[in-house]
Amino acid sequence: MSAWPCFSGEPATDPIELETIVVEGHSYTKLGPWEGLQLSKEQIPGNVQSITSKDIKESMATSLGDLMNSRLQSVNVNDYQGNPFQMDISYRGFSASPQIGTPQGLSVFLDGVRVNEPFGDIVNWDLIPMNALSGMDVFPGSNPLFGLNTLGGALSLRTKNGFDDPGVNLSFQGGSWDRKKGEASAGWNNGVVGGFVAFTGFDEEGWRMNSPSQVKQGFARVDVRGEQFSLKASTLMVGNQLLGNGLIPTDLYQQDPTAVFSSPDNTENDLQQYSLGGEFYFNDNLSLSGQIYRRDSSRQSLAGDIYEDFKDMENGWTNPLQAKGTRTGQPVCRYQDANKDGVPDYGLDRNFDGLIDPGTINRPLNANNRDYVALVPPMEANCDRVNYVPVSASSGPRNGAEGDPNNKTPGLSSKGWVNGTPIGVLSKTAIEQMTDGVSLQLNWDSDQHKFMVGGSADLSNSDFDVSQRLGLMDASHRVYLAPDAIDPVFVAAREDIHNNSFVGKSNTFSGYFSETFSPKDNLHLSVAGRFNHTQVTNKLRARTRAGFEDLHDINDLNTYRPTVIVCQGTDPASCGDTPNYNLRANWNKDVLLSQDPYFGLGQYSETPTSDQFEYNSFNPSLGISYLPFKDSQMAAKDLNVFFNWSQGTRTPSNVELGCAYDSTLVPQTPGDPNSPKVPKSVASIGGACTLPTSLSGDPYLPQIFANSYEVGMRGKVFGDWEWNTSLYRTDLRDDIYLVGITSSRSFFDTIGDTRRQGLELGFSGKVGIVDFRANYGLTEATFQSHLFMVSQYNSSAAVSTPLEPKYDESGRPLEAIQDMIQIQPGDRMPGIPLHNLNVNVNLHLTQKWEFGVGMVAHSSSFVRGNENNEHTQGAYDYIERPNSTGTGTELIRLRQFTDAGKVEGYAIFNLKSHYELAKGFSVFGMINNVFDTQYATAGRLGINPFSPSEKGTVGPSGWNYNSNDWLNATLIGPGAPRAYWAGIEYRFEL
């Protein structure tokens, strides 16, 4: 019997071999953040990088930071917070960070909704559910289609839907640090209606002491598709509690990598986001797409830190004292208070005869009469003020000990004081943000033209409030409130001190267009542009300079150190017998400073301010993409060369404008126009900012302009192995940076020009059972202008202040003031490694078993505070003090700088494996940091008060109560040690 069936009587013939036809497919990228045109990669003149949902799943990454760091070119992460969901992500030297004060340079979109928060343009990465993502595209340069904040690049993230992602996915994993992570998602459609839902629950104790985190993310989306239209509606709900214990001194990390420098550092992020969008198709080439959205987020944080201003506790009120009669033994003085404002009366004594001029009692003060102010004499001639002496013979100054030049007060012990002294500070921050947005876009898609034109509006409101309390620290370095254990003279230990409250609005209206013209199938010309109009309004209530004192200087001296009796009127009968006012410390503040325009309205008053700013910009881009050998049979037929130039802008955010440096030159001495001119922010008037604890109404900052250039090539070798290389440069004009001006004041300021430039290389492909991918990025981020900024823990910082500091016409210093460093053009910016490399190798051992090895490597980077790159390990810190002869000054050598001003480079290896037990059921496991490498991703220069004693007393927490014993340190963000996780997954396909 024949092995082949015959269907006719004709004899069988040999099969006919047909010519093989290869059909090349294209992967398409959606151009811009919204629905609309889709272009092939060869039509886009730039190194666009893409990650698919399959890549996300196979990576087994914990967070988007981990994912991007392990799979993209020119990406690195800085873990300043010590939490995997709160990392700074840097791409080409530009950051998208959850930390207020970090210069932001990337725009991030989720289904067309801008997720850069209006307050500071920050990005809360923990609010983005990874199992709901269908993919992400990273667009390089200053692409105008993505609008504001697109200085160095844009991230466009897209979610799954019931049409493209049907089926059910369930997974659970657990392992190191008591991690428990569950994910569930499901998609379904009936051809017309599709639905998709996703949920993620994450809980772990963290690898460092007291660092638990909980993440709860829920996403739902409904799509309706017809012949001429499509509609989608989605909602995202997130409620997270994140605890990141931040940076740690290098020496403490070497003793115990899991240790915590200070805690707690808790952040609660909540989000509700709603969007409704769709597209209408007029014909095969013309469509109209649009979207409306609302994004409502809140952030509550509690940060416990060392009280660094402890080192300034040098006045007599920081000593533990008790009342002991009066100095002469006479009765306590009584002073009249005619206007009953609680302050002893004053008058004018123009001839300096010791008598108050008639009719001048409590007269308002001005520049013409303030030099004649005198205290109205007490009601009786023979009286004195209350005398205060040390509590006991063993008491002493809160900061200092024998040999400390600050401790020259007679009668005080050489033993540093411990009990009742605050050493920690708790900062509470609340940020409420709401943004409403709408966009409309017309799309024309033909063989030769890919054209879009559209407009958008984003209207945002922000509400910010911050307060602080002084506290104590326990042996684990946890800050806690203890008003009963702290000397009651410290007001900030028993009540919140509100530094400011803030309401801001930012409205942006945009119109844009983009055209990709393809006169030939191998030549693509691109042009795009965007016009932005932005209005920023701030309404602030901030403590004035008179009230902007160190927390330990906000003292209840009237209650706990009263020296005289203030009477409610002019009649001695109105006087009590109990002292109720501290004349020495408060009278000048209550009388002179309260009426000084350089100090505002009073001692702790809040000054309301309102500022409004407007910005306009037009940002264009031009590009060309060319495939010179596309129609040939050459091996290089896939070679694609491209060039692009683009311009982008970023308007200053509410927080930057509310905390801006005011360079207006004003007289240093109030009322004396001939006194030296100093910037308003350096004089007594103006706002100060130590983020996130202080804001004030301040002047205009110009918007940042970015010019980006990129040239590159890409193609294929060995059949389907892909490669790419590109060179890029982005120059920023009027860049904004958080700059210190004095040791206690910091501001956002325009610092001139900065530059990011570099090289990118990529290579990927598959041979046999091996998938291979390697990405390299050389990223050079540098300052390009001269500037000065305070960095008191940098060994190269200036030791003294010139007698008359000089400023240029813009109000910026011309020479270094004490604790300032000078930054030169070419100095590298902190937190950005020069070299970045990641490699991934996946082995498909069988159809069911996959095994992968990944490597992430970064070279060294400078830490914050070392912006001038000149901090030297082994140098000494110096202070300038009067010499012993009283004829001048001398430098006294203090602490040695024992740490470097950068974090070293590192390489981390990770393993993963996935095995399918049965259809739909799989198990997986991973090992991160296989070789248990100790490394750090970021850092800053700082101080460590938990230091061995030379002259000071060390308390139970390890705190050294002599700040001259404190050690200069580099504080680092340590990387996680080796960890193991395993899990099970179920997949049901519809």
(message) Could you tell me if Thr62 and Arg179 have a donor-acceptor pair between their side chains, going purely by distance under 3.5 Å?
(response) yes
(message) If only side-chain N and O atoms count, and only distance matters, is there a donor-acceptor pair under 3.5 Å linking Gln241 with Ser213?
(response) no
(request) Give, for atom CD1 of Ile44 and atom CG of Asn640, the distance between the pair rounded to the nearest 0.5 Å. (result) 10.5 Å
(request) Could you go through the side-chain contact (heavy atoms from CB on, under 4.5 Å) check for Ser861 and Ile832 one step at a time? (result) CA-CA 6 Å; Ser861 62; Ile832 304 172; 5.8 Å; no
(message) Checking the side chain of Trp981 only, and the main-chain atoms of Gln173 only, is there a donor and an acceptor separated by less than 3.5 Å?
(response) no
(message) Under the criterion side-chain hydrogen bond (donor to acceptor under 3.5 Å, both in side chains), I'd like the reasoning laid out for Ser70 against Asn838: C-alpha separation, chi angles, the key distance, then a yes or no.
(response) CA-CA 6 Å; Ser70 64; Asn838 60 71; over 6 Å; no
(message) Assess, by modelled atom type and distance only, whether the side chains of Thr937 and Asn78 contain a donor and an acceptor separated by less than 3.5 Å.
(response) no
(message) Do Leu157 and Ile128 have side chains that approach each other closer than 4.5 Å (heavy atoms only, starting at C-beta)?
(response) yes
(message) Closer than 4.0 angstrom, basic N to acidic O: yes or no for Asp474 and Arg478?
(response) yes
(request) Would you kindly say whether Ser726 and Glu760 are connected by a side-chain donor-acceptor distance under 3.5 Å? (result) yes
(message) Using only atom types and a distance under 3.5 Å, with no angle test, would you say the side chain of Asn929 pairs donor to acceptor with the backbone of Ala976?
(response) yes
(message) Closer than 3.5 angstrom, by distance alone: can the side chain of Ser859 be matched with the main-chain N or O of Leu834 as a donor-acceptor pair?
(response) yes
(request) Please list, chain by chain and in numerical order, all residues satisfying salt bridge (Lys or Arg N to Asp or Glu O under 4.0 Å) with Asp55, sequence neighbours excluded. (result) Arg71
(request) Taking atom OH of Tyr986 as the centre, report whether more than 12 heavy atoms of other residues, nucleotides or ligands fall under 6.0 Å from it. (result) yes
(message) Nearest 0.5 angstrom please: Ser764 OG to Arg773 CZ, how far?
(response) 5.0 Å
(request) Measure the spacing between OG1 of Thr250 and CD1 of Ile972 and express it to the nearest 0.5 Å. (result) 4.5 Å
(message) Minimum heavy-atom separation for Val903 and Gly939, please, with both atom names.
(response) CG1-N, 4.4 Å
(request) Identify the two heavy atoms, one from Gly65 and one from Ile89, that lie closest to each other, and give their separation to 0.1 Å. (result) CA-CD1, 3.6 Å
(message) Keeping Asn910 on the side-chain end and Met926 on the backbone end, is there a donor-acceptor pair under 3.5 Å?
(response) no
(request) Using atom types as modelled and distance alone, determine if a side-chain donor or acceptor of Asp79 lies under 3.5 Å from a backbone N or O of Met87. (result) no
(message) Using the rule given for side-chain contact (heavy atoms from CB on, under 4.5 Å), can you reason through Arg714 versus Lys41, listing the C-alpha separation, both sets of side-chain angles and the distance that settles it, and then say yes or no?
(response) CA-CA 10 Å; Arg714 55 194 167 214; Lys41 183 174 289 188; 3.9 Å; yes
(request) For Arg756 and Gly93, indicate whether the former's side chain and the latter's backbone hold a donor-acceptor pair under 3.5 Å. (result) yes
(message) Is it true that Asn131 and Ser185 share a donor-acceptor pair across their side chains at a distance under 3.5 Å?
(response) no
(message) Looking at every non-hydrogen atom in both residues, tell me the closest pair between Arg978 and Asp932 and how far apart they are.
(response) N-OD1, 2.9 Å
(message) Just verifying a value: how many Å separate Ser107 OG and Leu151 CG, rounded to the nearest 0.5 Å?
(response) 8.5 Å
(message) Has Glu985 got a side-chain atom pairing as donor or acceptor with Asn169's backbone, closer than 3.5 angstrom?
(response) no
(request) List the steps, then state whether side-chain hydrogen bond (donor to acceptor under 3.5 Å, both in side chains) holds for Tyr793 with His871. (result) CA-CA 9 Å; Tyr793 304 121; His871 176 77; over 6 Å; no
(request) Apply salt bridge (Lys or Arg N to Asp or Glu O under 4.0 Å) to Asp203 and list each qualifying residue two or more places apart in sequence or on a separate chain. (result) Lys180
(request) Could you check Arg158 against Ser156 for side-chain hydrogen bond (donor to acceptor under 3.5 Å, both in side chains), going step by step and ending with a plain yes or no? (result) CA-CA 7 Å; Arg158 307 185 190 278; Ser156 179; 3.2 Å; yes
(request) Evaluate the criterion ring pair (Phe, Tyr, Trp, His ring centres under 6.0 Å) for residue pair Tyr915 and Phe924; output intermediate values, then yes/no. (result) CA-CA 6 Å; Tyr915 185 79; Phe924 60 89; over 10 Å; no
(message) Is any side-chain heavy atom of Asn968 closer than 4.5 Å to one of Gln896?
(response) no
(request) Would you confirm whether Glu867, through its side chain, and Gly865, through its main-chain N or O, come within 3.5 Å as a donor-acceptor pair? (result) yes
(request) Taking only Lys NZ, Arg NE, NH1 and NH2, and the carboxylate oxygens of Asp or Glu, determine whether Glu722 and Lys766 approach each other closer than 4.0 Å. (result) no
(message) So does Arg828 get a backbone contact from the side chain of Asn869, meaning a donor-acceptor N/O pair under 3.5 Å?
(response) yes
(request) Answer yes if the side chains of Asn240 and Asp126 hold a donor-acceptor pair under 3.5 Å, and no otherwise. (result) yes
(request) Over all heavy atoms of both residues, which pair between Pro974 and Trp207 is shortest? Give the atoms and the distance, please. (result) O-CZ2, 3.8 Å
(message) Can a donor-acceptor pair be found, under 3.5 Å and without considering hydrogens, that links the side chain of Ser176 to the backbone of Tyr980?
(response) yes
(message) Would you say Asn775 and Gln73 are linked by a side-chain donor-acceptor pair, where the criterion is simply a distance under 3.5 Å?
(response) yes
(message) Could you walk me through whether Arg92 and Thr779 satisfy the side-chain hydrogen bond (donor to acceptor under 3.5 Å, both in side chains) test, starting with their C-alpha distance in whole Å, then the side-chain angles of each, then the deciding distance to 0.1 Å, before giving a yes or no?
(response) CA-CA 6 Å; Arg92 288 190 173 183; Thr779 308; over 6 Å; no
(message) I'd like to check Met130 versus Leu67 (side-chain heavy atoms, cut-off strictly below 4.5 Å). Are they in contact?
(response) yes
(request) Just jot down the salt bridge (Lys or Arg N to Asp or Glu O under 4.0 Å) partners of Lys181, sequence neighbours excluded, or say none. (result) Glu183
(request) Assess whether atom NZ of Lys912 is packed by more than 12 heavy atoms of other residues, nucleotides or ligands within 6.0 Å. (result) yes
(request) Please tell me if the side chains of Met136 and Leu155 come closer than 4.5 Å, counting only heavy atoms from C-beta onward. (result) yes
(request) Only counting residues at least two apart or in another chain, list the ones meeting salt bridge (Lys or Arg N to Asp or Glu O under 4.0 Å) with Arg864. (result) Asp88
(message) On a heavy-atom basis, which atom in Gln99 and which in Gln104 lie closest, and how many Å separate them?
(response) O-NE2, 3.7 Å
(message) Are the side chains of Phe261 and Pro249 in contact, using a 4.5 Å heavy-atom criterion?
(response) yes
(request) Output every pair passing ring-ring contact (aromatic ring centres under 6.0 Å, His included) with a member in residues 76-109, not counting sequence neighbours, ordered by first then second residue. (result) Phe85-Phe202, Phe109-Phe146
When the side chains of residues 848-858 are checked against the rest of the protein, which donor-acceptor pairs come out under 3.5 Å, sequence neighbours left out?
unit_1, atom_1, unit_2, atom_2, d
Trp849, NE1, Ser913, OG, 2.9
His858, ND1, Asn836, OD1, 2.7
His858, NE2, Asn69, OD1, 2.9

(message) Could you report the tightest heavy-atom contact between Ser50 and Asp137, atom names first, then the distance?
(response) OG-OD1, 2.6 Å
(message) To the closest 0.5 Å, what do you measure between CZ (Phe921) and CG (Leu170)?
(response) 9.0 Å
(request) Please examine the side chains of Lys902 and Phe862, heavy atoms only from C-beta on, and report whether any two atoms are closer than 4.5 Å. (result) yes
(message) To the nearest 0.5 Å, what is the distance between CG on Asp305 and CG on Asp265?
(response) 7.0 Å
